[in-house]
Amino acid sequence: MSFMDTLRTRWQEYRKPGYYDEFDYAWTMTIDLDRCTGCGACVTACQAENNIPLVGETELARGREMQWIRIERYWEGEYPNVKLNFIPMLCQHCDAAPCETVCPVSATYHNQDGLNAQVYNRCIGTRSCAVYCPYEVRYFNYYDHEWPSPLDQQLNPDVSVREKGVMEKCTFCIQRIRQAKDTAKDDGRRRVLDGEVQPACVQTCATEAMVFGDRNDPQSQVSQSMNDPRAYHVLEEVNTAPSVVYLKKVEANVST
Amino acid sequence: MSQREIAYSEVNDDIVRSLVVTGRNYYITLAVSILVTFACFFGPWFYQIQYGIGAAGMNHPTVWGTYLASFIFWIGLSHSGTLLSAVLHLTNSEWRKAMYRSAEAMTLFSVMVAATMVMVHVGRPWFVHWAVPYPNQMEMWPNFRSPLMFDVMAITTYMTGSIIFIYMGTIPDFAAVRDRTTGWRHHMYVLLSLGWRGTDTEWHRLHWAYTFLAVLIVPLAVSVHSIVSWDFALSIVPALHQTIFAPYFVVGAIYSGTAGIVTVMFVLRKYMKFEHLITKLHFDNLGKLLLVMSLLWTYINAVELFTGWYSESSEEYEALGFRLFGFYGPLYWEMILFCAVAPLLLISKRFRTSFVPMLILSIAINIGMYTERFLIVATSLPRQYLPDAWGMYYPSLVEILIMIGSFGMFTTLFLIFVKIFPSVSLYEVKETLPEPQPKLRTQSESGAS
Amino acid sequence: MAINALGLFDAPSSALEAAGELKGAGFEAPEIISPIPIHGVEKVLGKKKNIIKRFTFFGALFGGIGGFALAAGTAVLYVHVTGGRPVIAIPPFLIITYELTILCGILATVAGFFLSSRLPAMRDRVYAPEAAVDKFAVTVECEDSEQFRRAHEILQNAGAEEIRELGGSE
Amino acid sequence: MSGIDRRDFLKLAGAGGAGAGAGFMIRESIKHPVEHLVPYPSPPEEFSPGIATWYNTVCTMCSAGCGITVRTREGRAKKIEGNPAHPVSEGRLCAHGQAGLQVLYNPDRLTGPMARTAGSEDLAPITWAAGISQLATRIREIQSSGQGNSVCFLSEGVGGHLGVLQKNFMEQLGSTRYHQYDFAYPHTLYSAIQNLFGESQLPYYDLANADYVLSFGADYLSTWISPVQHSLGFGRSRHGASGTRGQFVQIEPRMSVSGASADQWIAANPGTEGILALGIANYIVNEIGYEGADRQEWVGSLAPYALNTVSENTGVSASVISHLAESLATAQSGLAIGGGSAGNNTNGVDTLVAVNALNYLVGNLGNEGGLVFNPSPVIGEEVSGAQATYSDMLELAEAARDGQIQVLIINQTNPVFNLPEVAQFREAIEQIPLVVSLSSFIDETSALATLILPSHTYLESWGDTFPKPGVGFSVGAISQPVVSPLFNTRATGDIILGLAKEIGLSEAFPWSDMEEYLKQGWQEIYARGNAGNDSGDFEAFWTDVVRAGIWGENVRGSDSTGLAEGVIGTIGVALPSFSGSSDDYPYVLHPFVSDTLEDGSAANLPWMQELPDPLTSIVYGSWVELNPSTANNLNLEEGDVVEIQSPHGIVTAPVFIYPAIMPGVIGMPIGQGHTDYGRYASGRGTNPIQILSPQLEQETGDLAWAATRVSITATGRRVNIVKTGGLARELGREIVQKVDAEEHTTPIAGLSSIPVKVVQS
C-alpha cells in the first residue's frame, strides 16, 4: 500500500463516528420499573461500594446531594386516585454522551468497554459535563469531604477518594469489572461470563429489578431483558444512546 | 461640533499632563480600588481555594453560578472596545479617534478579568493549564472537540490580538511621550516606544499593519462571543439549547460594551479633563449605536421567548416560565426595563448629547446585561429535563464579594493604564485637527505680493 | 563618516516640498519625520512596497493548517472517543482552525511590521524630538560637507525653521 | 468542614495577595493524596494485602435475619453483601443491612467500659475487670439476700443461643424479669396467628407464587417483618413466577412504600381494615360461593358485615369491596396479609384474625403462593415469649418506681425513646440504683446508666440466628466475627459469661467464651443428624456451617389447612376506639416506622440519615404529612411548622404536603427526635411516639400506637425541609413510561425497540 492509501484508510477510520460498536464489551443495565419499589437499597449499596462521602444536613439543604444512583419519584393523579412511580436514575453511560464532548481536558471519555469513564485526576472542575448531562447524574465535590474516624476504615481501597473540585459519577462499579476481567484472564478465558460481574446496586436489589451484563452477547441475561417489548430509554428525544435501559412499568386495569 | 480649535502642542501637553501630573483623587481612587480588589476578590478567592467551590452557592443541578455570569459579562464588555475600534478604523470614522484607545483598554482589562473569572470558576484552578495545548510527558492533550476548548483558543487569541492592537496603535504616542518625560518614566517609554521616530516608512508600515490587524480582529471578536455562547448553546439544556444564542451573545456583548465605553468616556472626560477631546459628538454617535443594539437585543430576546413558546415542549415552557415568573422573575423584568425600555430614550438627540443621563443609562444597561447573564445561568440550570432533580441556586457571600471585587480589579487595572498609556491617541487626535499651515512662507509670500 | 541634515518645518506641506526638492536634487532616500502620517508622501517620495500583507497571508495560512493539524494530530496521537464522535471531528476542529488562523495571522502581521519598519531599533538614529509634537522634519544623509551644504540650502529655501547637522548613524 | 472558621477566613482575606494565591495553588497542585486508606504496619496472618476476603455471617440490623457476606480487606470490613446461599435473602440486602458497617465504624461508638462515680455527672473510663466486678458484687449482694427477682435484664430482640444464654442467666439468678423490647414487634400478629390457626410461629407468606396479594396495612416491602424476603417475592411475582404477573393491592390510610409499589392503593378509615376484610369475606362466602363444610358457621359470624355496612364503616365503596373479593377469590393463588397500622389499633388482633381468615377462605393454607406454616425454631423457643408488650413495660416501670428493682441491665434496646412520655419510663429508670448498659452507643436509655459495659457489634462477635419467620422450613446461621474488635469492647455473651463467673455460677456456665458456648449448642443441632452433616465429625460440620453462612433442614411446619377449634364463631371486628374527642382532636395520628431510620435505631447511621425517604425524599428530619385538601383547609404550606397536640403531649414539626394520605389522617415518621445517640441522631426532628396516648390493644395489652387523635396548630414559623427531590411531577415528559397490563402478557416476548447487536467473540 502506498503512503496515500494508508493515509486514506486511516482517515476513513478516524472519520467513522461512534465506533464503540467494536468495543470489547458493551456493559448495559436494564431496570424493570414494574419491580422497583424505591426502597433505596441500591443507593446505600452504591455509597458503601464507591466511597461516596457523607454530605451532612447543611450541605444537603444547599442542594449538594451526592448519590451516584438516586431514586426519582413522580406522582400521578390526585387523591384518592393517586399513584407514585419510582425511577432509579444513574449515569446512563450514553454512547453519544454530551458530557464527554464538553470536557476541555478529556477527563471524561468512553473507554474500551463502552463505559463513560471519569478520570478524577484529570478533572479540573469546570463542571460543564454536569450542565451538559440531561440526566443530572454527575456530582461535584464542592469541598473536601471528611469521614470522622473510624468511619474512614470502611473506605473501599479499590476506589479512589475524590478531592475537592472534582466531578464524580456512577462508574458501573468499574473496579468490579476490572476484577472480573482479571479473573477471566487468570482462568484462561477470553471473556467475562454473564453474571460474573454485578455493580453494587444490581447485586443488592431485593426485587431483582436490575440486570447487568454485556449486550454484545446475545445470550446474556441483559440482552434477553432488553428484548422485552417494554424496553425504552429515558429522554429518548435527546438522542444520547444510553446504556441503561428501562422496562416500562405495567399498569394494571383496576376497575373501581 | 462646538470643538474649539486646538494646536498640536496642546494635545501633547494635555496627554503628558494626564500621565505625569497625578492628583490626590487619583491616589485615593487607586487605593480604594486596590483595597476592594484584595478584600473582595483575592481574599474570598483564596478562601475558596482553601475550602473548595462549596464556598460559592452552586449546587446540584445548578453547577454554574455567578462566576460564569461574570465571565460572560466581562467578555461581553470587552467586545465593543477592540471590535468597535477596528470596525471604525476600517470605515475611516473620524470620531473614533479620540475614544478608541480607552475603549481598547477596556477590552483588554475586561478580557483579563474574564480570564481570572475562569480561574475562580473552575474547581481546581491549580491544574487549569491542562486546558492549554502544550507538549507534555503524559502525552495528554486537551479535547479539541469541547466548546470550552474553543473558548480557551478564542479568548487567548482575542487577548493576544487586543494587546497587540492597542500596543501597535500606541507606539507613536509612546515615542511622543518619551521625549517629554524624565527619570524612570523616560526609560519605560524608551523601551515601550521601541525606537519609533515617525518616519514616513514607519507610518506607512504602521498603517498597513494596523489595517490588517483590524481586518483580522473584526471576525475574531465576533467569533469569540459566538463561541462563548456555544458553551451554553451546544448543551442540551432547555432554554440554553438555542440556535439564536450566537448572535444573541454577540449583540449583547456589543451592547454592553458600548454602554461600558460611554461610562468610561464620561469618567475620562470628567476626571482627566479631556472635555475638548471627548465631545458631544462622541456621545451622540455612541448613543445611536446603543439604540440600534438595544433594538436588536430586544428583538433577539423576543425570538428566544417565541422559540420556547412555539416548541410546545414542557422543558422549554418550564424553563422560560421560571425565568419570567419564577423566583428570579423580578430580575428578568428589571433587565427588560433597563435594556429594552429605558434605551428608547436614546431616540431623542437631546438625551444622547446630555452627559449625565447618558452615564446613568449606560450604567443601567450594564446592570441589566449582568442580570441577563446571571439569569441565563441561574434560571436555566435549575429547570432541566428531570423535574425531580430540579433545584434552586442562590449566590453566596463569597460569590457576591468576588463579583464586586472583579469590578475593583478592572478599575485598578484601568487606573494603572491611564498613567502609562496615553489614554487618548495623540497622533490620531492630531489628524482630526486642521493641518498646520506653513506660517513663514505665507508671511513672506503675502509680503511679496 | 556621513553627516545628516535635518530641517524642521511647521507644516507638512512645506516638509513634503522640501523632501521632493531633495529627492529631485539627487539625494538618496530623504525621510520625513512627522507627528502624524502625512498624506501624499507617496507622490513625493515614491510608492513603498508593502510586504506586510505577505506576512499576514502566510501567517494565517500557517495558522490554518497548523490549527487543524494540532487538533487532528493530537486526537490521533491519543485516540479516545468522546460522545460517539469521530476521532477527527470536522466541525469542532474547524473552529480551532479558525482561531489559530487569526492568531497566527496577527502574530505574523506584527512580525512583518517589525521587520519591514526595522523596529525595535537598537541604536540612536536621526531624530528630532519636536517632530513628535508639531514639527515636521526632513532628513537626508550627506556623504560629505559639500553635500550637507547643498541639502542645507534646499531645506532653507523650502522654509525650514531650523536646520541641524547630526552625526551619521554608521 | 475543611476546618476553616471565620477567624481563619479573615486571616486569609487579610493575607491575600497574588503571591499568596500562587502559594495556595502550588500547594494544592503538589500535595500528596490524602491517606485515608491506612494499611496495617504489621499485618495479621489471615489476609494478604490487596486481596479481599469474604466472611459469611448474619445481619442483625432488624429481626429478619438475612444472611450476609462481608468483604474485608487488610482486616477491615469494607462492604456488606447478601449471602446468595441464605434462603431468606438469596444474596440480596436492604439499605439497613448495607449500613451495618456504620454500626461497626460509627464515630460515636463507645470505646470501652465507663462508670459514673457517685456525685459526678460524667462517665469516667474504667477497666473491664472493675466494671464486671462492680456489677457482680452488687448482684451477689442481692442474690445472697434472696432478692434475685430485683435484677432485671432488658434486651433487644435476641434469638438463638444468645437469647437462651441471657434467659438462663436470669433464671440462675432467680429472676423472672427477663424481657426483650422492640418497638415494632408484631405482638398482635403472633396473637392472631395463635388464635386463628393455633400456631405459635409466624407463617411464611409465599409472595413469589401469589398472583393476587391483598395487604392490609402491612408495609411488607420496607419495614414489616422480613422486607428483603418479601421484596424477592414481590419481584418474582411481578415477573410472573406463578404464570401471570402478580397484582398487589394495599389497604392503608397513608401510602407506604408497599402502597406505592402496589397496583391499587385503597384508603380505608384507620382501624377499619378488619371490618373491610370481613366485608370481603362475607362477599366471598355469600356472593361468590364458598363451598367449605363450615359454610354455615361463616355465614353466621359474617352476617353483620354486609356490603353496605362495611362500606359505610370503612369508607370504601361497595363496588371496590366486591371487586377485591372477586379478584381475591378468583385468583389462582390469592393471598391476604395484615400488619403495620392495621394491627396497631385497639382491635388489632381481631383485625389480623379477620385478614388471615381470608387466606383460609380462598384455600391457600400450606399451598404455593399462600400461607405456609413454619416449624418451631430449633433453638430459643423458650425466648419467644420474652418480648414485652406495652403493658409489661408499664408493669416494669411500676416495679421500678416501687423500688422492687435494684439492678437493671439494658442490652441495646432503647425504651426511653420508644415508649410514650405518658409511660414515664425515664422517671422509672431513674429510681433504679444500678443501671447497667451493654449498648454500643449512648442512647437515651444508656444515658441514664451508671455503668456502661459496651458490647461488640454483630460484626465482631459470635452468635447465631434462626430467622423468624423462616421460609417454611428450619434454617439457621452462625454469625462470626469478621473483623477483630475495633475497641475495648466485649461480646454480650462474653460479658454474661464473665459475669456468671464472678458471681459464682461457673457450674451452670462452664464455658470460657461465647464461641465455646455456641459450639456446644451446635453440637445438639449436629446431633439431630437431619441435614448438612454428611461432612463427618462435628468440627467439619461446624466449619462447613460457618463457611457457608447457613444451615437448614428439611422440616416443614404444620401442614394443616384448618383453623383452630371454634374460632369461626369468635370472628368479628369492633370499631376502633381512639383517644381524645374528635371535636378537640379532629385528626387521627398515623405514626409509621420510618423507611430509613426504622424505629429510631438506625438514626445514628449517617447513610440512613442521608438516604432520602423513599416517598418524600426528605433527609435528616421529621415532618408532618397532610393531604393537600387538609393543608388547604388549614392554610398550610410545605415547611410551615405546626404543633401536633394529642391528649398527652405536643410535638412540633414542619408540614409536608403528601398526596396519598387520607384527609382526616396526619402522618408522622418515627425515628427522629433523639436527644442522645450520637452526632448523627441527636437533636434532629421530633419523636411522635412521645405524644401517643396509652390506648391498649384489647387482647395483647400492647400499645395501640395508631389510635391517637391529635389537633394541629400553626406556629407561624417556617423552615426549609431538607429533601433531595425537586418537583415530583412528570409534567408530561414521559419519564416513567407505562404499558397496559393487558398488552403485557408474557414477561419476555417479541422484538425489542432497542436492537441488540450480535458480536462474535
Side-chain angles (χ1 to χ4, degrees), chain A residues 33-35 37-41 43-45 47-49 54 57 60-61 65 73-75 79-80 82 84-85 87 143-144 146 148-157 161 191 203-204 206-208 215-216 218 223-224 226-232 234 245 248-254 256, chain D residues 1-2 36-37 73 76 78-79 81 92-95 98-99 101 105 107 221-222 228 231-232 234-235 238 245 247 257 260-261 263-264 267 320 486 606-607 610-611 614 619-620 627 659-660 720 722 724-725 728-730 735-741 744 748 750 752-754 756 758-759 761:
Chain A
L33 297 181
D34 198 31
R35 287 178 166 212
T37 64
C39 69
V43 179
T44 308
Q47 275 183 310
E49 174 73 18
L54 302 167
E57 186 176 10
L60 276 167
E65 64 257 33
R73 44 197 70 69
Y74 293 106
W75 290 97
Y79 182 87
V82 59
L84 181 55
N85 305 316
I87 178 165
Y143 48 91
D144 274 327
E146 271 185 16
S149 177
L151 274 181
D152 54 347
Q153 298 195 12
Q154 180 270 325
L155 293 175
N156 186 351
V161 174
R191 295 184 71 80
Q203 187 189 32
T204 208
T207 53
E208 299 170 317
R215 70 168 178 272
N216 278 351
S223 292
Q224 305 289 338
M226 280 173 73
N227 261 333
D228 194 303
R230 291 186 292 143
Y232 78 104
V234 167
V245 177
K248 288 179 190 172
K249 192 168 173 167
V250 178
E251 198 155 44
N253 299 337
V254 181
T256 43
Chain D
M1 290 296 250
S2 70
H36 281 301
L37 314 170
R73 272 279 300 265
R76 297 277 177 249
K78 296 297 180 192
K79 178 89 186 2
E81 292 161 4
R92 308 289 161 168
L93 201 57
C94 69
Q98 298 281 353
L101 287 175
Y105 293 127
L221 292 175
S222 176
V228 175
S231 297
L232 271 169
F234 172 82
R238 273 288 161 88
R245 174 182 176 275
Q247 276 204 40
V257 168
S261 307
D263 299 277
Q264 195 178 3
V320 172
L486 247 66
W607 281 341
E610 293 202 354
L611 177 64
V619 286
Y620 279 114
N627 183 289
N720 184 22
V722 183
T724 60
R729 291 278 174 178
E730 269 191 38
I735 296 160
V736 180
Q737 295 187 15
K738 296 192 172 181
V739 65
D740 219 33
H744 170 73
I748 294 170
S752 164
S753 50
I754 298 159
V756 178
V758 180
V759 174
S761 65

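Below, chains carry the letters A, B, ... as their sequence lines are ordered, and counting in each starts from 1. Just so it is clear, the model here is predicted, and its values are computed rather than measured.
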> Quick one: CD on Glu730(D) to CG on Asn85(A), what's the gap to the nearest 0.5 Å?
Replying inline: 6.5 Å
> Which atom pair, heavy atoms only, marks the closest approach of Pro107(D) to Pro150(A)?
Replying inline: CA-CD, 3.6 Å
> Which bit of Lys79(D) comes within less than 4.5 Å of chain A, counting heavy atoms only: side chain, backbone, both or neither?
Replying inline: side chain
> Glu57(A) versus Val619(D): any side-chain heavy-atom pair under 4.5 Å?
Replying inline: no
> Considering all heavy atoms of both residues, which atom of Cys39(A) and which atom of Pro614(D) are nearest to each other, and what is their separation?
Replying inline: O-CG, 4.1 Å
> Shortest non-hydrogen contact from Ile735(D) to Ile87(A)?
Replying inline: O-CD1, 3.8 Å
> Would you say the side-chain atoms of Arg76(D) pair up with the backbone N or O of Gln153(A), donor to acceptor, closer than 3.5 Å?
Replying inline: no
>> Can you give me the closest heavy-atom contact between Gln98(D) and Thr204(A), atom names plus distance?
In response: NE2-OG1, 2.6 Å
> By a 4.5 Å heavy-atom criterion (distance strictly below it), what part of Leu101(D) contacts chain A: side chain, backbone, both, or neither?
Replying inline: side chain
> Could you walk me through whether Leu54(A) and Trp607(D) pass the side-chain contact (heavy atoms from CB on, under 4.5 Å) check?
Replying inline: CA-CA 7 Å; Leu54(A) 302 167; Trp607(D) 281 341; 3.6 Å; yes
> For Val736(D), is it the side chain, the backbone, both, or neither that has a heavy atom closer than 4.5 Å to a heavy atom of chain A?
Replying inline: both
>> If I compare all heavy atoms of Ala660(D) with all of Trp75(A), which pair ends up nearest, and what's the gap?
In response: CB-CZ3, 3.7 Å
> Tell me, do Arg238(D) and Thr207(A) make a side-chain contact under 4.5 Å, heavy atoms counted?
Replying inline: no
> Quick one: what part of Thr724(D) sits under 4.5 Å from any heavy atom of chain A, side chain, backbone, both or neither?
Replying inline: both
> Of the backbone (N, CA, C, O) and the side chain (C-beta and beyond), which part of Glu65(A) lies under 4.5 Å from a heavy atom of chain D, both, or neither?
Replying inline: side chain
>> I'd like to verify something: which residue of Ser261(D), Pro659(D), Ala95(D) has the highest number of heavy-atom pairs under 4.5 Å with chain A?
In response: Pro659(D)
> Is the closest side-chain heavy-atom distance between Pro606(D) and Leu151(A) below 4.5 Å?
Replying inline: yes
> Is the side chain of Arg35(A) donor-acceptor paired with the backbone N or O of Gly235(D) at a distance under 3.5 Å, no angle test?
Replying inline: yes
>> Can you tell me which portion of Ser149(A) sits under 4.5 Å from chain D's heavy atoms? Options are side chain, backbone, both or neither.
In response: backbone
>> Which heavy atom of Lys78(D) sits nearest to which heavy atom of Leu155(A), and what is that distance?
In response: NZ-O, 2.9 Å
> Which of the residues Ala61(A), Gly38(A), Pro80(A), Pro148(A) is involved in the greatest number of heavy-atom pairs with chain D at under 4.5 angstrom?
Replying inline: Pro148(A)
